[in-house]
Structure formats: structure tokens, C-alpha cells
Amino acid sequence: MTVRATLAGPWSTDHSAALYRRAQQSITDGTSRATLLRKGHPIYVDHGEGAWVTDVDGNRYLDCNNNFASIIVGHADPAIAAAVGARMARGTAFSLPNDAEIELAELLCGRVESFDLIRFCNSGTEAVMGALKAARAYTGRPNVIKVEGAYHGTYDHAEASQSPDPTNWGDAAAPATVRYAVGTPASVEDEVGIISFNDAEGARAAIRRGGDRLAGVLLDVMPNRVGMPAIDPQFIAAIRETTREVGALFVLDEVISFRLGYGGAQTKLGIDPDITSLAKIIGGGFPVGAIAGREGPMSMFTRVSGDRAKVPSSGTFAANPITMTAGHAAMAQLDREAFARLDKIGEGVRIGLRSIFDKAGLDWQVTGAGSLFRVHPHTRTIRNYRDSHLSSDEATEITEFGLRMQAHGVYFIAESLGCLNLATSDDDVEHFLVAAEASLPSP
């Protein structure tokens, strides 16, 4: 196998470097998204098509990030482009509701048993924040529990213990609550409890300790920063059973994991949450978020007799017709056959990587499911965040691997999260694996 020609001559990103220098004069840190910073400078995109993106220097890359798992059909998808173009000709945003919102709501509620009702917002962060506020309003309780290392957006309470390290993470049996951003109120330490992923007994104990002050438990079944390990069914059962026992809600974050199947991870894994946060793929490439769930918790967003709702929820661009139209055009293409295809190409990458690591005698591994995968520069058994936490040497090793992948025509972020879209062909998978083999560290 040989790497398909994707780079414009010897790999050069001079134009991207010049744009970054220019951006630093008017944008803090040079970019509004810290996650895009790479060694030296970010790569600036010119356009995307299908599974590929082309940068401003003319280099082509197989996109294995897909805007952090939000692109699932493919870049510049013709059906989405046609639907959005037609809708844009009629106006982009109004202070009045539109039928596109109803159509997307009906599609989503029709796919997932736990979605009695849905409400749209603008991002995954807003969706998680709204779900937690609804849990507090419904239960009349202040506190929440989340998993150590899990990312749920930029809400203070959802950020707790997002990236702790051995200096501050405390006892594994009862992890410490670590504030993330400077300026986060100290009260977060009292209002957010932390559990370890896949620790069923630890979850039961924490939920019972929370008792009549616990509003809900927030869970992502495949958290990237935890390492994307397989989730233990007993861990899910412990959360579901014990939240019911104490009268708290099970809040499921499907912002990313909704791409794992026709009805999301909850349908695939048989989870019965009270409320779910959504985003990314349901917007068809446009900014989106949604809160969906059982009628009781969702009623917190409903006005009663003309008064305001217990949890007022609005936004200038929430449920705008462009996003709703794009989301419907994307989701309508994602039938069961489409998800089977995503599973196939994702498994092809995971199996291929394992074979490459084994052939090279390299003590690396890959985790994930569906169209998601993550590479780890070690072979430790991964069940939780602490198992996957990288030493400084390991972090350098995986960052360098990502940069070499980029030089071989694959866009693969430093955190080693991989994600494929439906436009990815078998030849594209082969290209990825050849690039990966060429990017391994020297013996």
C-alpha cells in the first residue's frame, strides 16, 4: 500500500502560519477555539468535501476530527446544501417559530423512547446546562454528580474535575472535586460530587451520600477524556437504580454518543435516562443543542397559565430555521443502514490500528465504538480516567504522532480522538492506516 498523494508538494503550511500571525493581532490567543492550536500554529482550512478537507496551502487531509464529531454525513453534503440554500432564500432567523423546528423535533422524538418532548438551544454546553437546571427544578435539590475526567462543555458545574492530575485528584474511591477554570466559585466543590467511570459501587455510595440534596447524575457513556473505554453495564445499572432510590434524575449526555446508533447510545445500550442533552450531529453542521426527555422533567421548561416556566429557556438563534433544516436533512439520511456503514468503517480503523501496533511491536492500543476511536500510547487496562491519564512522555509521544499523521495527509488532533463521517470510503480507511503506519515512532 502507498499513501495517496494529498499534499501540495513537500508539506508546507506557510500560508496558515501567516494567517495565524495576522490573527494574533486581533483575536486573543490567535483563535477563538483553544482546541485548534497545534505545535507552532493551527492549520487554516479552505474548504471541505466528503471525508476530506483542504487547507489554505493546498494540502488535502482525510478529516478524522469532523469538527469534533459534529459532521457525520460528510462535508458540503449535497442534500444539506440544497435544503439550506432553499431555506436561506426565505430568510435566516426570525423572532417567530418555524415549521422546521417541528419537523426535526418529530424526527428525534420518533427515534428515541425516552424523548417525550424536546427543546432546542444553541450548543452542547447549553444543552447540558439546561438539563442540569431542569433536574434541579424538578427535584428541588441543588447538587449533581459527574464522572471524573468527563467533558460536558464550559458550564462551571459540568467542568468540575474535567482534567485533574495526580497532584489534586484525591482518593480513587472518592475522587476530589477540582475546579477547572480560574474564577470558578468555591461552592462548586460542595455542589458537584465526582465518581470514577465504571465504578458501580462507588457510584452507588456517592449517590446515597448525596441523598435528598442530589438533583441528578450526569453521564457520558463514551467520554473521550476518560479514554473511550467500554462502559460496564453494572455501572449504568448502579446509576439508574440508585438515582431512583434517592429520587434524583439520570441525566445522559449524548452530545457525542448520539452518533453511535439510530437511537443513540441509550437505545443501543438499553439505557433509560430521565433527560438527555444533545448537540453536534443533530444540527447538520450548524450550531445546535437540545434537551430531550420524559414529560415530567421537560415540563420545567413549560409556562403555566401565562407565567414564566420554572426554567426559562430561550435564545436569539435557538431553533433557527437554518439549523433546523440542516439538522433534518442530515438526520434523515442516517437510517440503520447508514449507522451500520459507520460501524464498519470505524471497526476497520480499530482493527487495522491494532494490527499495525502488533506488527511494529509497539505497546499501544485503540479504544472506541461505532465511528469513534482513540489511540493510547500504552497498553494499560483502561476502565476510567486515571487509567488513561498520560504521563508527560506519553503526551508528547501521542502529540508527535498526530503531527506526523498530519504530514501524511490525515487531520488527527493531538488528543488522539478519531471520528469518521459517512462519506469515508474503504480507500480512505486504507489511506488512514498507511499514514498511521508511516507515522509510528521510531524504534
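Treat the numbers as computed from the prediction; the structure is a model and nothing was measured. All residue numbers refer to positions in the sequence shown, counting from 1. Only heavy atoms go into these numbers, but all of them, side chains included; no hydrogens, no water, no symmetry mates.
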R136/E191 salt bridge by N-O under 4.0 Å criterion: no
Close side-chain approach of Y138 and D274, heavy atoms under 4.5 Å: no
Positive for side chain to side chain contact (heavy atoms under 4.5 Å, CB included) with I72, one of L422, N66, L342, D77: L342
Backbone N/O of Q234 and side chain of D232: donor-acceptor pair under 3.5 Å: yes
Rounded distance (nearest 0.5 Å) linking atom CG of D14 with atom CG of L19: 11.0 Å
Short side-chain to backbone donor-acceptor contact, N421 and G50, under 3.5 Å: yes
Check: V375 and F357 side chains under 4.5 Å, non-hydrogen atoms: yes
Non-hydrogen side-chain atoms of P175 and W169 separated by less than 4.5 Å: no
S388 and H376: side chain donor to acceptor below 3.5 Å: no
Any side-chain heavy-atom pair of S277 and V255 under 4.5 Å: yes
A230 backbone acceptor or donor facing N198 side chain under 3.5 Å: yes
E148 backbone acceptor or donor facing S161 side chain under 3.5 Å: no
Euclidean distance, R380 CZ relative to H389 NE2, rounded to 0.5 Å: 9.0 Å
Pairwise side-chain contact, R404 with P441, heavy-atom cut-off 4.5 Å (strictly under): yes
Polar side chain donor-acceptor pair, Q266 to T276, under 3.5 angstrom: yes
Test item: D212 side-chain N/O and V246 main-chain N/O as donor-acceptor pair under 3.5 Å: no
Residue pair R259 / S371, side-chain donor-acceptor N/O under 3.5 Å: yes
Between E245 and T242: side-chain donor-acceptor atoms closer than 3.5 Å: no
E113 vs R294, salt bridge (charged side-chain N to carboxylate O under 4.0 Å, His left out): CA-CA, chis, key distance, verdict: CA-CA 9 Å; E113 196 276 333; R294 297 297 183 184; 2.5 Å; yes
L219/V221 under side chain to side chain contact (heavy atoms under 4.5 Å, CB included): CA gap, chis, key distance, verdict: CA-CA 6 Å; L219 176 69; V221 300; 4.2 Å; yes
Rounded distance (nearest 0.5 Å) linking atom CG of L214 with atom CZ of R141: 7.0 Å
Sub-6.0 Å ring centroid separation between F197 and F235: yes
Short side-chain to backbone donor-acceptor contact, K146 and V192, under 3.5 Å: no
Any side-chain donor near an acceptor of the partner, D358 and S355, under 3.5 Å: no
Ion pair R336/D343, N-O distance below 4.0 Å: no
Whether E295 side chain and L117 backbone form a donor-acceptor pair below 3.5 Å: no
Check: D55 side chain, Y44 main-chain N or O, donor-acceptor pair, under 3.5 Å: no
Set of residues satisfying ring-ring contact (aromatic ring centres under 6.0 Å, His included) with respect to H15, sequence neighbours excluded: none
Step-by-step salt bridge (charged side-chain N to carboxylate O under 4.0 Å, His left out) determination, D426 to R341: CA-CA 10 Å; D426 292 344; R341 171 62 185 167; 3.1 Å; yes
Side-chain touch L260/L372, heavy atoms, less than 4.5 angstrom: yes
Y385: which of P164, S196, P223 passes side chain to side chain contact (heavy atoms under 4.5 Å, CB included): P164
R350 NZ/CZ over F373 ring centroid, <6.0 Å and within 45° of normal: no
Test item: R240 side-chain N/O and D272 main-chain N/O as donor-acceptor pair under 3.5 Å: yes
Check: F258 and M331 side chains under 4.5 Å, non-hydrogen atoms: yes
Polar side-chain atom of R374 near backbone of G368 as donor-acceptor pair, under 3.5 Å: no
Any residue meeting ring-ring contact (aromatic ring centres under 6.0 Å, His included) with Y180, in chain and number order, not counting sequence neighbours: none
Distance-only side-chain donor-acceptor flag, D165 / T167, under 3.5 Å: yes
Side-chain ion pair, D199 and R204, N-O less than 4.0 Å: no
Side chain proximity check, R60 to V53, heavy atoms < 4.5 angstrom: no
Ring-ring centroid check Y151 F68, cutoff 6.0 Å: no
OG-CE distance between S313 and M300, expressed to the nearest 0.5 angstrom: 13.0 Å
Residue pair D63, W52: steps toward the side chain to side chain contact (heavy atoms under 4.5 Å, CB included) verdict: CA-CA 5 Å; D63 189 358; W52 293 74; over 6 Å; no
